[in-house]
Amino acid sequence: MATHKKQLWQGINPAAQKALVTRDYTSLSFADRLAGAGIEAGRLAAADRKSAETRDIWIPGVEIFPRQIHYQRHRGVFGELVRRDDGIVRRIGFWPTQWANARMFAQTAKGFHVHPPSIPKGTKPANWMRRLFIDEPENYSIRPYASEQWDVMFFVQGVAEMILRDVRAGLPTRTMRFFVEGDNHPGANNIGIVVPPGVAHAIRVEGSEDLIMVYGTSTSFHPEFEGRIASEVETAQLPESWEQFLK
């Protein structure tokens, strides 16, 4: 500890002085926040996708788009999810084959999981990924939606911390960490999210209320499409004494 710090903290004992750390309050760049501590989803929905800074940090194929939630005083809220013939899903040519919902209890998390990309026979995975998302990113007609699981997600209650990690062959490894608010928190952070296969994703509930999500998938549910990574957070362990008793 520097001399001036020793003088500043001379009123506490040496052991406590040695344990002291100072939080870093340095202002982080947009890119550093997105890949690190996380950023509000509304910032991403409003980001200029054509700017060099955004292109350098964005995971190819991920879409984040704003939703408008109508607050009805004394009644509740009304929020559209997505229209098949309008907006992002129309532009990229993706309409779910299956819709589902999930409820996550407060203070729980879904560990990282990833869906396998479909690679055409005789094609190297890295080359195919680069063609889809680097060389021809707007040629949506070549995306094999019917043979791989794409997700479009919405949150209708609670606050979610979401982390995306690109693990596709041939593409740069990037991380996007952001916070999404459910329809019961109307505002700029009400968004929809499109997640491509090969992008690992995890969700953690923030706050004390349950999280309710609605999501559509490009294929019907296939257990073999669910690849788990670092998902031990989902397992509620029994107390050690219980484990010993059951043995």
Side-chain angles (χ1 to χ4, degrees), residues 15-16 18-21 23-24 33-41 59 62 64 76-77 81 96-118 148-169 173-185 189-247:
K18 191 173 182 180
L20 283 173
V21 293
R23 179 173 293 176
D24 186 359
R33 287 183 61 196
L34 180 60
I39 203 165
E40 295 80 11
I59 295 177
V62 168
I64 295 178
V77 295
L81 297 180
T97 296
Q98 178 175 328
W99 288 94
N101 72 80
R103 184 186 197 112
M104 295 176 61
F105 296 141
Q107 302 180 6
T108 63
K110 289 185 182 293
F112 280 99
H113 63 285
V114 62
H115 310 301
S118 176
E148 58 185 17
Q149 182 174 323
W150 287 66
D151 297 334
V152 57
M153 301 179 178
F154 310 92
F155 296 94
V156 299
Q157 176 181 293
V159 181
E161 174 188 7
M162 191 160 190
I163 306 177
L164 308 180
R165 178 78 166 175
D166 197 346
V167 294
R168 291 170 291 187
T173 302
R174 292 174 178 165
T175 301
M176 296 175 69
R177 182 179 180 184
F178 50 94
F179 300 90
V180 188
E181 294 181 344
D183 295 8
N184 61 325
H185 300 277
N189 295 323
N190 305 134
I191 62 160
I193 310 152
V194 175
V195 182
V199 175
H201 41 292
I203 301 171
R204 184 162 57 178
V205 181
E206 183 181 80
S208 59
E209 61 183 334
D210 291 355
L211 182 73
I212 299 177
M213 63 183 294
V214 174
Y215 60 100
T217 56
S218 59
T219 60
S220 298
F221 176 70
H222 296 291
E224 63 271 22
F225 280 8
E226 291 284 345
R228 298 285 168 175
I229 304 173
S231 59
E232 68 277 1
V233 67
E234 300 175 6
T235 304
Q237 300 292 334
L238 293 174
E240 184 178 352
S241 60
W242 288 23
E243 293 280 9
Q244 291 298 323
F245 173 70
L246 292 175
K247 289 179 181 178

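None of these values were measured; they are calculated from a predicted model.
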Exercise. Taking Thr217 for its side chain and Thr219 for its backbone only, find out whether a donor-acceptor pair lies under 3.5 Å.
Key: yes

Quiz item: Where do Arg204 and Glu206 land on the salt bridge (Lys or Arg N to Asp or Glu O under 4.0 Å) test, with the steps shown first?
Solution: CA-CA 6 Å; Arg204 184 162 57 178; Glu206 183 181 80; over 6 Å; no

Quiz item: Is a side-chain N or O of Arg174 found less than 3.5 angstrom from the main chain of Asp166, in a donor-acceptor match?
Solution: no

Exercise. Step by step, work out the side chain to side chain donor-acceptor pair (under 3.5 Å) result for Glu209 and His185.
Key: CA-CA 12 Å; Glu209 61 183 334; His185 300 277; 2.5 Å; yes

Quiz item: Side-chain contact, heavy-atom cut-off 4.5 Å: Thr173 with Val167?
Solution: no

Practice problem: To the nearest 0.5 angstrom, please state how far the CZ atom of Phe105 sits from the CG atom of Leu211. | Solution: 12.0 Å

Quiz item: Which heavy atom in Thr97 sits nearest to a heavy atom in Ser220, and how many Å separate them?
Solution: CG2-OG, 3.7 Å

Quiz prompt | More than 12 heavy atoms from other groups under 6.0 Å of CD on Glu243 | solution = yes

Quiz prompt | Expected output: side-chain His115 to main-chain Phe225 donor-acceptor under 3.5 Å | solution = yes

Practice problem: Check the pair Val195, Leu164 against side chain to side chain contact (heavy atoms under 4.5 Å, CB included), reporting the backbone distance first and the verdict last. | Solution: CA-CA 8 Å; Val195 182; Leu164 308 180; 4.2 Å; yes

Self-check item: Sidechain-backbone polar pair: Ser231 side chain, Arg228 backbone, donor-acceptor under 3.5 Å
Solution: no

Quiz prompt | More than 12 heavy atoms from other groups under 6.0 Å of CD on Gln98 | solution = yes

Quiz item: Any side-chain heavy atom of Phe178 sitting closer than 4.5 Å to one from Ile193?
Solution: yes

Quiz item: Out of curiosity, Arg177 CZ to Ile39 CD1, how far, rounded to the nearest 0.5 Å?
Solution: 12.0 Å

Quiz item: Hey, what do you get for CZ (Phe155) to CG (Asn190), rounding to the nearest 0.5 Å?
Solution: 11.5 Å

Practice problem: State, yes or no, whether a side-chain contact exists between Val159 and Val205 at a heavy-atom distance under 4.5 Å. | Solution: no

Practice problem: Please tell me if the side chains of Ile163 and Thr175 come closer than 4.5 Å, counting only heavy atoms from C-beta onward. | Solution: yes

Quiz item: Between Lys110 and Glu234, is a salt bridge (Lys or Arg N to Asp or Glu O under 4.0 Å) present by the stated rule, with each step listed?
Solution: CA-CA 6 Å; Lys110 289 185 182 293; Glu234 300 175 6; over 6 Å; no

Quiz item: Of all heavy-atom pairs between Gly111 and Ala202, which one has the smallest distance, and what is that distance?
Solution: C-CB, 4.0 Å

Quiz item: Hey, mind stepping through Ile229 and Val114 against side chain to side chain contact (heavy atoms under 4.5 Å, CB included) and telling me if it holds?
Solution: CA-CA 8 Å; Ile229 304 173; Val114 62; 3.9 Å; yes

Quiz prompt | Check: Trp150 main-chain N/O paired with Ser218 side-chain donor or acceptor under 3.5 Å | solution = yes

Practice problem: Please check if the side chain of Asn184 supplies one atom and the backbone of Gly158 the other of a donor-acceptor pair under 3.5 Å. | Solution: yes

Quiz item: Taking all atoms of both residues into account, what is the closest heavy-atom pair of Asp210 and Ala106, and its distance?
Solution: OD1-N, 3.0 Å

Quiz prompt | Shortest non-hydrogen contact between Ile212 and Arg103, atoms and distance | solution = CD1-NH1, 3.6 Å

Quiz item: Donor-acceptor pair, Glu148 side chain versus Ser118 backbone, under 3.5 Å?
Solution: yes

Quiz item: Mind checking whether Ile64 and Met176 have side chains closer than 4.5 Å, heavy atoms only?
Solution: yes

Quiz item: Roughly how far, to the nearest 0.5 Å, is the NE2 atom of His201 from the CE atom of Met162?
Solution: 6.0 Å

Quiz item: Shortest non-hydrogen contact from Ala160 to Ile203?
Solution: CB-CG2, 4.1 Å

Exercise. Give, for atom CD of Glu40 and atom CG of Asn189, the distance between the pair rounded to the nearest 0.5 Å.
Key: 6.0 Å

Quiz item: Taking Asp151 for the side chain and Pro196 for the main chain, is one N or O donor matched with an acceptor at less than 3.5 Å?
Solution: no

Exercise. Start with the C-alpha gap between Ile191 and Met153, add the side-chain angles, then the distance that decides, and say whether side chain to side chain contact (heavy atoms under 4.5 Å, CB included) holds.
Key: CA-CA 9 Å; Ile191 62 160; Met153 301 179 178; over 6 Å; no

